[in-house]
Amino acid sequence: MKLLIIGGVAGGASAAARSRRLSEDAQIIVFERGPDVSFANCGLPYYVGGEIAERKKLLVTTPEMLKSRFKLDVRTRSSVEAIDRTAKKIHVRDLSSGREYEETYDKLILAPGAAPLRPPIPGIDLPGIFTLRNLQDVDRIKERVDKGIKQAVVVGAGFIGLELVENFVKRGIATTVVELQDQVLPPFDKEMTTPIVETLLAKGVTVLLGQSADGFEQAPDGLVVRLKSGQRLPAQLVILGVGVRPENKLAVDAGLEVGPRGGIRVNDHLQTSDPNIYAVGDAIEVKDVVSGDPTQVPLAGPANRQGRIAADNIFGRDVRYRGTQGTAIVGVFDRTAAMTGASEKALRRANRPFRKVYVHPTHHAGYYPGAEAMTLKILFHPETGKLLGAQAVGGAGVDKRIDVLSVAVQAGMTVYDLEEMELAYAPQYGSAKDPINMAGFVAGGLLRGDHPQVDVEAVLAAPATERPFLLDVRTPQEFASGHIPGAVNIPVDDLR
């Protein structure tokens, strides 16, 4: 067996290591366009901020280690230019020497990843405007930060963008984030991102929502970011974080099938339309676990699992990829936001029925010092109670609850199952009624009719003259901090 793997990092590197574990005799060659075959791209923002102090810590493994431990032939600085599917060979260009050659294969794995978008905006190629994909990108960004710049603009308020914002602020840089949508973290439902915006503002970040960059200009002290609104933002560093596109040129040129958004189409064995070619990672189209529809989800965890599964199938094991449910988490200063499965906006776009509930527990027993609040939202089928998705935002403990709910979504569990979940409890770790249980109690009670619920959007959408009588039973302090107009406050302890 001669296996060629195009691309390293997460999917390609895990496929290579798994392949060697399954076959000591196979000839395995990994081609990587850059100088590093496997690095921790999720850690790049924290190297800029100094949280990760040593660059070498970002190297997951080296070509030398892969050769000595796994007997892999790793060829960095090697660009695969074309695939000849009929002859089962690839055309390679050595970027260091310029030499071009061909290499045959029995099986091929594509793991080219995804590239950051650089929209065709005037001035986008000026010095000081960067995207962040690899170690060379982070080196250039960090070099500029280390020179003591005063102002940065991050265009795009996604995961990587906000991680960079935090690390710029930690380096003393006045930072502005510009986002086209009316919220940060666009995959989340808007109301769940409010605490993140509040945290950004509290840390001195300027947050401009519903705005976009219209052009970039050179200025005496760096750059000016021109917005469509006419506002002009001075900066010595600009980061573009407006999304990624799958690196699909090789696949397209070879005649492999791709989806409408450019993702390489694969079956549940991760085979492309050519049975001798597999594809994994950010470049592929995957099945959404909740909806069953094709989608693209560029995350490191799924990429690693896909690499392993592709290798299993190549070496004779019948292993299937279940799909991706988009479990993700981000830390922004002292706040954490996490999600899994379908969002409310995704369910509305797909016109799928759902109900939702929110709970606002603390991450461990309230009587034990240090309890931190969180907001937990779950979405579920209005008849069966099957869990469709969940989101959480808060301080400590958010990661634990989303991981539990991620397993529940994958297992096809219901809100009634959440009621009965037995989770570890000691006062410093959780509560006897864990936030997961509480979400199940509220959702289960809603479906049983124990406490009928009207969503706040429906109340606010109704004309003031047609709204029902609104009784707010929170404490006077809670009521004073914010309430629906027209509501009457009688605290629950006084209600009887």
Side-chain angles (χ1 to χ4, degrees), residues 183 185-195 288-293 295 323-328 337-361 373-394 398 401-421 423 431 433-462 466-474 482-484 487 492:
Q183 67 171 90
L185 299 173
F188 285 77
D189 292 324
K190 182 180 177 181
E191 77 279 10
M192 298 299 289
T193 67
T194 300
D288 184 288
V289 164
V290 176
S291 69
D293 297 329
T295 186
T324 302
Q325 65 192 64
T327 305
M339 67 182 300
T340 190
S343 64
E344 179 177 347
K345 65 173 94 175
L347 293 169
R348 289 191 184 281
R349 280 197 302 267
N351 199 29
R352 295 194 62 183
F354 70 92
R355 293 300 305 265
K356 62 181 178 179
V357 298
Y358 302 85
V359 293
H360 308 277
M374 72 174 74
T375 293
L376 181 59
K377 174 182 183 178
I378 62 170
L379 300 133
F380 49 94
H381 192 278
E383 295 175 1
T384 66
K386 181 180 179 181
L387 196 63
L388 303 175
Q391 298 175 36
V393 61
V398 165
R401 274 69 192 198
I402 284 295
D403 282 343
V404 171
L405 291 164
S406 172
V407 174
V409 169
Q410 190 172 112
M413 298 175 79
T414 70
V415 297
Y416 307 117
D417 293 315
L418 301 188
E419 291 181 297
E420 299 299 326
M421 274 194 174
L423 303 170
S431 300
K433 294 177 182 176
D434 191 85
I436 299 292
N437 301 130
M438 295 301 300
F441 295 153
V442 175
L446 185 155
L447 293 184
R448 294 186 187 99
D450 296 340
H451 45 239
Q453 174 178 297
V454 178
D455 292 335
V456 68
E457 296 92 343
V459 174
L460 294 176
E466 297 178 15
R467 285 183 187 173
F469 175 75
L470 297 176
L471 176 64
D472 191 320
V473 298
R474 296 174 300 158
H483 57 268
I484 299 175
V492 68

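Only heavy atoms go into these numbers, but all of them, side chains included; no hydrogens, no water, no symmetry mates. For reference, positions follow the sequence shown, starting with 1.
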Original post:
Side-chain contact, heavy-atom cut-off 4.5 Å: M413 with L387?
Top reply: no

Acceptor/donor pairs from residues 441-449 side chains to any protein atom, 3.5 angstrom cut, sequence neighbours excluded:
unit_1 : atom_1 : unit_2 : atom_2 : d
R448   : NH1    : E419   : OE2    : 3.1
R448   : NH2    : E419   : OE1    : 2.7

**OP:** Not counting sequence neighbours, which residues clear side chain to side chain donor-acceptor pair (under 3.5 Å) with D403? List them please.
**Re:** none

Original post:
Strictly by modelled atom types, are S343 and Q391 linked by a side-chain donor-acceptor pair under 3.5 Å?
Top reply: no

Original post:
Which residues satisfy the side chain to side chain donor-acceptor pair (under 3.5 Å) test with K190, sequence neighbours excluded?
Top reply: D182

Original post:
Who are the ring pair (Phe, Tyr, Trp, His ring centres under 6.0 Å) partners of H483, not counting sequence neighbours?
Top reply: F479

**OP:** For residues T327 and L405, determine if any side-chain heavy atom of one lies less than 4.5 Å from a side-chain heavy atom of the other.
**Re:** no

Original post:
Side-chain contact, heavy-atom cut-off 4.5 Å: M192 with T375?
Top reply: yes

Original post:
In Å, rounded to the nearest 0.5 Å, how long is the span from CG of D417 to CD1 of I436?
Top reply: 12.5 Å

Original post:
Which heavy atom in P435 sits nearest to a heavy atom in R401, and how many Å separate them?
Top reply: CD-NH2, 3.5 Å

Original post:
Who pairs with A439 by side chain to side chain contact (heavy atoms under 4.5 Å, CB included), at least two apart in sequence or on another chain?
Top reply: V359, L376, I378

Original post:
If you look at every heavy atom in L418 and A408, which pair is closest and at what distance?
Top reply: CD2-CB, 4.2 Å

Subject >> Taking every non-hydrogen atom, the tightest pair across G341 and V290 >> reply: CA-CG2, 4.0 Å

Subject >> Partner residues of E344 under the side chain to side chain contact (heavy atoms under 4.5 Å, CB included) criterion, sequence neighbours left out >> reply: D189, E191, R348, F354, K356, Y358, K377, L379, E457

Original post:
Residues two or more places apart in sequence or in another chain: which of them pass side chain to side chain contact (heavy atoms under 4.5 Å, CB included) with S291?
Top reply: D288, D293, R352

Original post:
What pairs with V456 under side chain to side chain contact (heavy atoms under 4.5 Å, CB included), at least two apart in sequence or on another chain?
Top reply: L460, I484

Original post:
Roughly how far, to the nearest 0.5 Å, is the CZ atom of R355 from the CG atom of L347?
Top reply: 13.5 Å

Original post:
R349: what forms a salt bridge (charged side-chain N to carboxylate O under 4.0 Å, His left out) with it, not counting sequence neighbours?
Top reply: none

Subject >> Pairing residues for T324 by the side chain to side chain donor-acceptor pair (under 3.5 Å) criterion, not counting sequence neighbours >> reply: Y321

Original post:
Which atom pair, heavy atoms only, marks the closest approach of A338 to I402?
Top reply: CB-CG1, 3.4 Å

Subject >> Contacts of K345 that satisfy side chain to side chain donor-acceptor pair (under 3.5 Å) - sequence neighbours left out >> reply: Q183

Original post:
Quick one: salt bridge (Lys or Arg N to Asp or Glu O under 4.0 Å) pairs with a partner in residues 404-414, sequence neighbours left out?
Top reply: none

Original post:
If you draw a 6.0 Å radius around CD in Q453, do more than 12 non-hydrogen atoms from other residues or ligands fall strictly inside?
Top reply: yes

Original post:
Closest heavy-atom contact between H381 and P353?
Top reply: NE2-CG, 4.2 Å

Original post:
side-chain contact (heavy atoms from CB on, under 4.5 Å) between M421 and V404: does it pass, once the steps are laid out?
Top reply: CA-CA 10 Å; M421 274 194 174; V404 171; 3.6 Å; yes

